Participant: 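Attaching a single structure in structure tokens format; questions to follow.
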Amino acid sequence: MELYLVRHAESLANIGLAPSSHPDPRLSPRGIEQAEYLARRLKNIEFDKILVTNLSRAIQTAAIVEVELIALIHVCMGVESAAEAVAAA
């Protein structure tokens, strides 16, 4: 089994455009470009699934990547849940 770890792309909070009270900011325009670049880099690798936490910036990154990879996105309820899913694979 090969495992690729990817952090979500740049969010609005990373560039100071989301209020600090907002716990789940979406991707910035640059973050969308980063996710599209990642998708192009990974498109020739075969993936069984994409594990992603339930944060919108992580789901948004995975959804952009998924278009190129044709892999099933599995949303986990936090990092611990994703780690459990990897261990079960």
Side-chain angles (χ1 to χ4, degrees):
M1 171 176 68
E2 291 187 55
L3 177 66
Y4 291 77
L5 299 175
V6 175
R7 187 174 187 269
H8 63 79
E10 179 182 83
S11 73
L12 293 172
N14 295 132
I15 57 172
L17 293 180
S20 59
S21 61
H22 193 295
D24 194 14
R26 296 185 55 76
L27 294 182
S28 69
R30 180 172 179 236
I32 292 169
E33 290 175 5
Q34 291 171 334
E36 290 169 344
Y37 174 78
L38 177 64
R40 290 190 302 274
R41 291 291 309 254
L42 297 177
K43 75 178 185 178
N44 294 320
I45 301 170
E46 185 176 328
F47 288 88
D48 295 323
K49 66 177 92 169
I50 299 171
L51 301 175
V52 60
T53 63
N54 60 335
L55 296 173
S56 64
R57 60 191 177 268
I59 293 170
Q60 192 178 4
T61 300
I64 292 168
V65 170
E66 185 268 342
V67 170
E68 291 288 344
L69 301 183
I70 310 172
L72 178 64
I73 294 176
H74 177 81
V75 178
C76 301
M77 300 307 288
V79 175
E80 293 81 14
S81 177
E84 291 169 4
V86 168

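Numbering starts at 1 and runs along the sequence shown. Values in this document were obtained by computation on a predicted structure and should not be read as measured data.
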Participant: Do the side chains of Cys76 and Thr53 get nearer than 4.5 Å, heavy atoms only?
Facilitator: no
Participant: When clusters are formed from ILVMFWY side-chain contacts under 4.5 Å, directly or step by step, what else is grouped with Ile32?
Facilitator: Leu27, Ile64
Participant: Using 0.5 Å steps for rounding, measure from the NE2 atom of His74 to the NZ atom of Lys49.
Facilitator: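 Those atoms lie 6.5 Å apart.
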Participant: Mind checking side-chain hydrogen bond (donor to acceptor under 3.5 Å, both in side chains) for Arg40 and listing every partner two or more places apart, or none if nothing turns up?
Facilitator: none
Participant: Would a single hydrophobic cluster contain both Tyr37 and Leu5, if residues Ile, Leu, Val, Met, Phe, Trp and Tyr are joined by side-chain heavy-atom contacts under 4.5 Å?
Facilitator: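 Hydrophobic grouping puts Leu5 apart from Tyr37.
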Participant: Look only at the side chain of Asp24 and the backbone of Leu55, and say whether a donor-acceptor pair between them is shorter than 3.5 Å.
Facilitator: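 Absent.
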Participant: Do the side chains of Val6 and Val65 join up, straight or via other hydrophobic residues, at under 4.5 Å, putting them in one cluster?
Facilitator: yes
Participant: Atom CD in Gln34, atom NE2 in His8: separation rounded to 0.5 Å?
Facilitator: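 It is 10.0 Å, given to the nearest 0.5 Å.
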Participant: How close do Phe47 and Leu42 get, counting heavy atoms only, and between which atoms?
Facilitator: CE1-O, 4.0 Å
Participant: If I take atom CD from residue Glu36 and atom CD from residue Glu68, how far apart are they, to the nearest 0.5 angstrom?
Facilitator: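 Glu36 atom CD to Glu68 atom CD measures 9.5 Å (nearest 0.5 Å).
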Participant: Atom CG in Leu51, atom CG in Leu3: separation rounded to 0.5 Å?
Facilitator: 8.5 Å
Participant: Work out which heavy atom in Ala35 is nearest to a heavy atom in Ala9; give both atom names and the distance.
Facilitator: N-CB, 4.2 Å
Participant: Hey, what do you get for CZ (Arg7) to OG1 (Thr61), rounding to the nearest 0.5 Å?
Facilitator: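 Answer for the CZ-OG1 pair, Arg7 versus Thr61, is 9.5 Å.
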Participant: Mind checking whether Ser11 and Arg26 have side chains closer than 4.5 Å, heavy atoms only?
Facilitator: no
Participant: I'd like to know if Val67 and Val52 are part of one continuous hydrophobic network [Ile/Leu/Val/Met/Phe/Trp/Tyr, side-chain heavy atoms within less than 4.5 Å].
Facilitator: no
Participant: Which other residues belong to the hydrophobic cluster containing Leu12, where Ile, Leu, Val, Met, Phe, Trp and Tyr are joined when side-chain heavy atoms lie under 4.5 Å apart, directly or via other members?
Facilitator: Ile15, Leu17
